[in-house]
Amino acid sequence: MVIGAPSANVDNFSDGAAYVYARNQGGSNNWGQMAKLTEEKIKGAFQPQLQDGEELTHWAFGVKQPNIFLIMFLFLLAILPGAIATALLTKNYLIGLTGRRFIILHIKGFSNAAPKEIIEYSLDELRNMKVHTSTGGIFTHIHIDDPNKPFKAKFHRAFSKTNRPHAMAIAEAISGPKAA
Amino acid sequence: MERPCPFCGATTKRELCPACGRSVTARRIVCASCQKQTPKDEKACCHCGQTHKSDLRWKIPLIITLFVLAAVITILIEFAR
């Protein structure tokens, strides 16, 4: 990590310096100073290039970065596989509650409600299972901790106006009173 | 309460279907070949015999390929500069 210090006082006036810090310097997980690109070091770097009687009057530190479009492309390249992987590994569910059963449809996609898998629990059956539900600011979480028919998903409030109240009502119904 | 077995269609009040012997509440998938419901635990579809193939069979290699491709393109760009 490089930290710029534009007014660092090196030779009794504001020269400026760049400080390089690295982890695990002077102790485990400690950010210690590695090097400082001081005015003296910069002058020293120029010294072998100067001819007799020649004196360095001004100097500066700069960078040249790749073309902005290349940077954007490289960022996309790094982000895109992650975004595609997330989309591919995300499962989409529809859940429904009736007077007798809690039905889960693992559907093909966000816009395709054709079921790939169906899981159902009778409400009596759920009374004997470990059901964890919670509602936060954004999501309602439902987790059925059963070895034969496990289920875990979260339901976003922004999907539709009724998504959150329905998800909360289902969560409440399936995590109701347990069998003694 | 009577209900149809999702696998054979027989009506039953029991957990186990008297006709096919399967649990009527078992976790089930839709067969990609015949589009009928079949128990997830069974290796092949109970209607057409088609073996179940997980989506991960093609998703995982695709994801790995994408990451490798991204790394290779980044390295090639760096060498080309």
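For clarity, every value in this text was computed on a predicted model and none was experimentally measured. Protein chains get the first letters and strands the later ones, always in sequence-line order, with residue 1 at the start of each.
- Taking hydrophobic clusters as Ile, Leu, Val, Met, Phe, Trp and Tyr residues chained together by side-chain heavy-atom distances below 4.5 Å, A:I170 shares a cluster with A:F151.
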Pairs of donor and acceptor atoms, chain B with chain A, under 3.5 Å:
| from | atom 1 | to | atom 2 | distance (Å) |
| --- | --- | --- | --- | --- |
| B:R3 | NH1 | A:E120 | OE1 | 2.5 |
| B:R3 | NH1 | A:E120 | OE2 | 3.3 |
| B:R3 | NH2 | A:E120 | OE2 | 3.1 |
| B:T25 | O | A:K149 | NZ | 3.1 |
| B:R27 | NE | A:E117 | OE2 | 2.4 |
| B:R27 | NH1 | A:P150 | O | 3.1 |
| B:R27 | NH2 | A:E117 | OE2 | 3.1 |
| B:R28 | N | A:I118 | O | 3.0 |
| B:R28 | O | A:I118 | N | 2.6 |
| B:R28 | NH1 | A:E120 | OE2 | 3.0 |
| B:R28 | NH2 | A:E120 | OE2 | 2.9 |
| B:V30 | N | A:K116 | O | 2.9 |
| B:K40 | NZ | A:E117 | OE2 | 3.3 |
| B:D55 | OD2 | A:K116 | NZ | 2.5 |
| B:K59 | NZ | A:L88 | O | 2.9 |

side-chain contact (heavy atoms from CB on, under 4.5 Å) evaluation trace for B:L66 with A:L80: CA-CA 9 Å; B:L66 282 172; A:L80 225 62; over 6 Å; no
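- Using a 4.5 Å cut-off between side-chain heavy atoms of Ile, Leu, Val, Met, Phe, Trp and Tyr, with links allowed through other members, B:V30 and A:I104 fall into different hydrophobic clusters.
- Between B:I63 and A:I84 the shortest side-chain heavy-atom distance does not fall below 4.5 Å.
- The part of B:L62 that comes within reach of chain A is its side chain, from C-beta onward, which places non-hydrogen atoms under 4.5 angstrom from that chain.
- Two residues are said to be in side-chain contact when any heavy atoms from C-beta on lie closer than 4.5 Å; A:I118 and B:I29 fail this criterion.
- Contact of B:V68 with chain A is not made at all, since no heavy-atom distance falls under 4.5 Å.
- Of all non-hydrogen atoms in B:F67 and A:A85, the two that sit nearest each other are CE1-CB, 4.3 Å.
- Clustering ILVMFWY residues whenever any of their side-chain heavy atoms sit less than 4.5 angstrom apart, transitively, puts A:I95 in the very cluster that holds A:L123.
- By the criterion of side-chain heavy atoms lying less than 4.5 angstrom apart, applied directly or through intervening Ile, Leu, Val, Met, Phe, Trp or Tyr residues, A:I103 is not grouped with A:I174; the two fall into different hydrophobic clusters.
- Most heavy-atom pairs under 4.5 Å with chain B: of the set A:L88, A:I119, A:L70, this distinction falls to A:L88.
- Hydrophobic clustering of Ile, Leu, Val, Met, Phe, Trp and Tyr side chains at less than 4.5 Å, counting indirect connections, unites A:L50 with A:I42.
- Rounding to the nearest 0.5 Å gives a distance of 5.5 Å between CZ of A:F73 and CD1 of B:I73.
- Most heavy-atom pairs under 4.5 Å with chain B: of the set A:A78, A:P115, A:A114, this distinction falls to A:P115.
- Under the 4.5 Å side-chain criterion, counting only non-hydrogen atoms from C-beta, A:L89 is in contact with B:L56.
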